[in-house]
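Below is one structure; the comments refer to it alone.
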Amino acid sequence: MAKTLVVILGPTGSGKTAVSITLAARFGAPILSTDSRQFYRGMAVGTAQPDAAQLAAAPHHMIANHEVAEHYTCGDYERDALALLDELFREHDLVLAVGGSGLYIDALCEGLDDLPEADPALREELERTWKEEPQKLLAQLQALDPGYYERVDRANPKRVVRALEVCLKSGAPYSTLRRGKPQQRDFNILKIGITLPREELYARIDRRVDEMMAAGLEAEARTLYPLRHLNALQTVGYREMFDYFDGTITRDQAVELIKRNSRRYAKRQTTWFGRDAQVHWFAPGQTDTMIALIGGICD
RNA sequence: GGUGCCAUAGCUCAGUUGGUAGAGCAACGGACUGAAAAUCCGUGUGUCCCUAGUUCGAUUCUUGGUGGCACCA
């Protein structure tokens with residue numbers, strides 16, 4: 001029987017976790033997280049990791065399995081997740097992948113091109129140059145990879161710096177290393193998107209932030225405060241709390257900003273997922289229809 | 001009750017010596033390959049409170065309302 005990865009995606013707060021528990025129970029499937037923040041320990045409240053009951057209801061993978069101080073990238077994720085899937089598919093015909101990080105989902109389903117890893121020293125140097133003489137970096141990129149220079153968002157330091165980083169480390173133009181062709185996986189992929197009317201989604205997000213505060217987000221953030229400069233903590237829910245701790249904003253303002261920034265994040269996710277024509281969209285309550293769809297494809 | 005000030009975008013406000021208007025924030029749209037809950041780009045969404053005048057033309061000036069604020073009673 002063909003192995004199938006059912007990918008459950010959607011904006012933050014759409015109810016992916018609850019859906020995944022229902023589907024996992026129905027199919028006896030394990031759950032692999034595709035969330036770029038939930039795999040850190042100590043961030044359970046702010047990243048809305050599955051709770052104890054949900055974790056007990058189905059085997060979860062890539063949840064709280066890394067330290068906040070670890071530098072973990074989508075490249076690491078692709079490698080680890082594929083290895084893990086290989087193992088899971090020995091025991092299961094169906095595995096669920098659940099989360100909202102579009103880039104990580106793409107890394108899992110289509111693979112990343114074979115590009116050099118980030119080099120911290122080089123990156124730091126490029127970032128410094130960007131701050132002082134951005135024109136210099138742009139000129140350098142234009143010389144090393146004129147094609148990409150034309151296409152890239154030249155106002156976005158992350159794009160420019162990464163492209164240069166790849167050019168310098170590989171000795172080849174960034175764009176020639178970007179084949180952009182999806183890699184063939186040895187399992188089937190079925191993408192299920194969870195969606196809600198905008199107003200409802202935003203109301204759920206607001207409510208969930210209040211629930212996070214009630215569940216101890218402030219205390220959790222306080223524990224993580226000394227680590228606030230780490231990448232793992234460049235995250236909605238924590239940054240705003242850190243600003244509150246620094247005295248820049250009040251607690252109420254922090255809560256409002258977390259709500260606003262979560263809504264903006266949800267919008268960005270919606271834009272990203274909207275481009276993927278493979279996604280079958282459902283409301284969070286339509287688990288019966290999802291089960292029928294999955295059953296029809298797997299049997 | 002009297003006097004004065006104010007009324008312009010979702011909010012706070014600017015402005016038009018009379019030619020139907022613009023900032024910040026919010027909102028909305030988009031991009032995205034090893035930092036991605038990150039990072040970046042784009043868009044003004046408007047009975048200029050109502051009414052009657054003056055005028056070729058009024059959001060702008062004048063009359064009378066309405067609402068708000070302040071002061072005096």
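Numbered from 1 within each chain, the chains take letters A, B, ... in sequence-line order. The analysis underlying the following values was restricted to heavy atoms, covering all of them including side chains, and did not include hydrogens, waters or symmetry mates.
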(request) Would you tell me if any nitrogen or oxygen in the side chain of A:Arg198 comes within less than 4.0 Å of OP1 or OP2 on B:C28? (result) yes
(message) Please report the distance separating the C1' of B:C61 from the corresponding atom of B:G1, rounded so that it comes out in whole Å.
(response) 29 Å
(request) Decide yes or no, distance alone: a donor-acceptor N/O pair under 3.5 angstrom between the base of B:A35 and the side-chain of A:Arg123. (result) yes
(message) Between B:U59 and B:G15, how far apart are the two C1' atoms, rounded to whole Å?
(response) 10 Å
(request) Please check if A:Leu96 and A:Ile291 belong to a single hydrophobic cluster, counting links between Ile, Leu, Val, Met, Phe, Trp and Tyr side chain heavy atoms closer than 4.5 Å. (result) yes
(request) Tell me whether the OP1 or OP2 atom of B:A27 has a side-chain N or O from A:Arg263 closer than 4.0 Å. (result) yes
(message) Please classify the nucleic acid contact of A:Asp76 as base, sugar-phosphate, or nothing, using heavy-atom distances under 4.0 Å.
(response) nothing
(request) Would you kindly give the CG-to-C1' distance between A:Asn156 and B:A31, to the nearest whole Å? (result) 9 Å
(request) Any chance you could encode RNA chain B as dot-bracket? Rule is Watson-Crick or G-U wobble with both distances under 3.5 Å; [ ] for pairs crossing earlier ones, | for another strand. (result) (((((((..((((.....[..)))).(((((.......))))).....((.((..]....)).))))))))).
(request) Taking only the side-chain heavy atoms of A:Arg37 (C-beta and beyond), determine which of B:A38, B:G34, B:G30 contains the nearest atom. (result) B:A38
(message) When the C1' atoms of B:U8 and B:C40 are compared, how many Å lie between them, rounded to an integer?
(response) 33 Å
(request) Please state the P separation for the pair B:A7 and B:G30 - nearest whole angstrom. (result) 37 Å
(message) Just verifying a value: how many Å separate A:Asp145 CG and A:Thr176 OG1, rounded to the nearest 0.5 Å?
(response) 7.0 Å
(message) Can you check the distance between B:G24 and B:U62, where both ends of the measurement are the P atom (answer in whole Å)?
(response) 32 Å
(message) Checking side chain to side chain contact (heavy atoms under 4.5 Å, CB included) between A:Lys3 and each of A:Asp93, A:Asp186, A:Val95, which is the one that passes?
(response) A:Asp93
(message) With nearest nucleotide decided by heavy atoms, which residue, A:Tyr148 or A:Gln38, maps closer to the 5′ end of RNA chain B?
(response) A:Tyr148
(message) Taking 4.0 Å as the cut-off, does a side-chain nitrogen or oxygen of A:Asn231 come that near to OP1 or OP2 on B:A36?
(response) yes
(request) Could you check A:Tyr265 against A:Arg260 and say which one's nearest nucleotide on RNA chain B is further toward the 5' end? (result) A:Arg260
(message) If you only use heavy atoms from C-beta on, which nucleotide in B:A27, B:G30, B:A36 is closest to the side chain of A:Arg268?
(response) B:G30
(message) Tell me every residue that passes salt bridge (Lys or Arg N to Asp or Glu O under 4.0 Å) with A:Glu220, counting only those two or more places apart in sequence or in another chain.
(response) none
(message) Would the base of B:A38 count as contacting A:Arg159 through its side chain, where contact means a donor and an acceptor less than 3.5 Å apart?
(response) yes
(request) Rounded off to whole Å, could you give me the CG-to-P distance for the A:Leu257 and B:C25 pair? (result) 13 Å
(request) Please check if the side chain of A:His280 supplies one atom and the backbone of A:Lys191 the other of a donor-acceptor pair under 3.5 Å. (result) yes
(message) Which is it for B:G22, anti or syn, if anything within 90° of zero counts as syn?
(response) anti
(request) Check the distance between B:U33's P and A:Arg178's CZ and give it to me in whole angstrom. (result) 5 Å
(message) How about CG on A:Asp246, more than 12 heavy atoms from neighbouring residues, nucleotides or ligands closer than 6.0 Å, or not?
(response) yes
(request) Determine: side-chain N/O of A:Lys158 to OP1/OP2 of B:G34, distance under 4.0 Å, yes or no. (result) no
(request) Carefully, step by step, assess A:Asp206 and A:Arg263 under the rule salt bridge (charged side-chain N to carboxylate O under 4.0 Å, His left out). (result) CA-CA 8 Å; A:Asp206 288 351; A:Arg263 281 184 238 118; 3.3 Å; yes
(request) For A:Arg264 and B:C40, give me the distance from atom CZ to atom C1', rounded to whole Å. (result) 13 Å
(message) Would you call the rings of A:Tyr174 and A:Tyr148 parallel, tilted or perpendicular, taking 30° and 60° as the class edges?
(response) perpendicular
(message) Take a 6.0 Å sphere around NZ of A:Lys136 and say whether it holds more than 12 heavy atoms from other residues, nucleotides or ligands.
(response) no
(request) Under 4.0 Å between any heavy atoms, over every strand shown, what does A:Gln234 touch: base, sugar-phosphate, or nothing? Just pick one. (result) sugar-phosphate
(message) Tell me whether the side-chain N/O atoms of A:Tyr174 come closer than 4.0 Å to OP1 or OP2 in B:G34.
(response) yes
(request) Give a yes/no on whether any side-chain N or O of A:Tyr104 is located under 4.0 angstrom from OP1 or OP2 of B:A36. (result) yes
(request) Ignoring the backbone of A:Lys267, work out which of B:A36, B:A31, B:G29 is nearest its side chain. (result) B:G29
(message) For a quick check, tell me whether the side chain of A:Glu127 and the base of B:A35 share a donor-acceptor pair closer than 3.5 Å.
(response) yes
(request) Rounded to the nearest 0.5 Å, what's the gap from NZ on A:Lys259 to CZ on A:Arg208? Could you check? (result) 13.0 Å
(request) Measure from CG on A:Leu108 to P on B:G34 and round the result to the nearest Å. (result) 16 Å
(request) Tell me whether the OP1 or OP2 atom of B:U39 has a side-chain N or O from A:Arg239 closer than 4.0 Å. (result) yes
(request) Over 60° means perpendicular and under 30° means parallel, so classify the ring planes of A:Tyr72 and A:Phe39, tilted if in between. (result) perpendicular
(request) Take atom P in B:U54 and the same atom in B:C72, then report the distance between them in whole Å. (result) 41 Å
(request) Determine whether any donor atom in the side chain of A:Asp106 lies under 3.5 Å from an acceptor atom in the base of B:U33, or the reverse, and answer yes or no. (result) no
(request) Calculate the interatomic distance between A:Asn261 atom CG and B:A38 atom P; express it in whole Å. (result) 7 Å
(message) Quick check on contacts: within residues 43-52 of chain A, what sits under 4.0 Å from RNA chain B by heavy-atom distance?
(response) A:Gly46, A:Thr47
(message) Rounded to whole Å, please give me the gap between CG in A:Asp206 and P in B:A27.
(response) 11 Å
(request) Using the C1' atom as the reference point in each nucleotide, state the distance between B:A14 and B:U60 in Å, no decimals. (result) 14 Å
(request) Check whether any side-chain nitrogen or oxygen of A:Ser101 sits under 4.0 Å from OP1 or OP2 of B:A36, and answer yes or no. (result) no
(message) Give me the distance, rounded to whole Å, that separates B:U45 from B:G10 when you measure between the P atoms they each carry.
(response) 11 Å
(request) Assert yes or no for the condition that the ring centre distance of A:Tyr40 to A:His66 is strictly below 6.0 Å. (result) no
(request) Report yes if a side-chain nitrogen or oxygen of A:His71 is closer than 4.0 Å to either non-bridging phosphate oxygen (OP1 or OP2) of B:A35; otherwise report no. (result) yes
(request) Answer yes or no: are there more than 12 heavy-atom neighbours, outside A:Gln183 itself, under 6.0 Å from its atom CD? (result) yes
(message) Could you tell me how far apart A:Phe273 (CZ) and B:A31 (C1') are, to the nearest whole angstrom?
(response) 15 Å
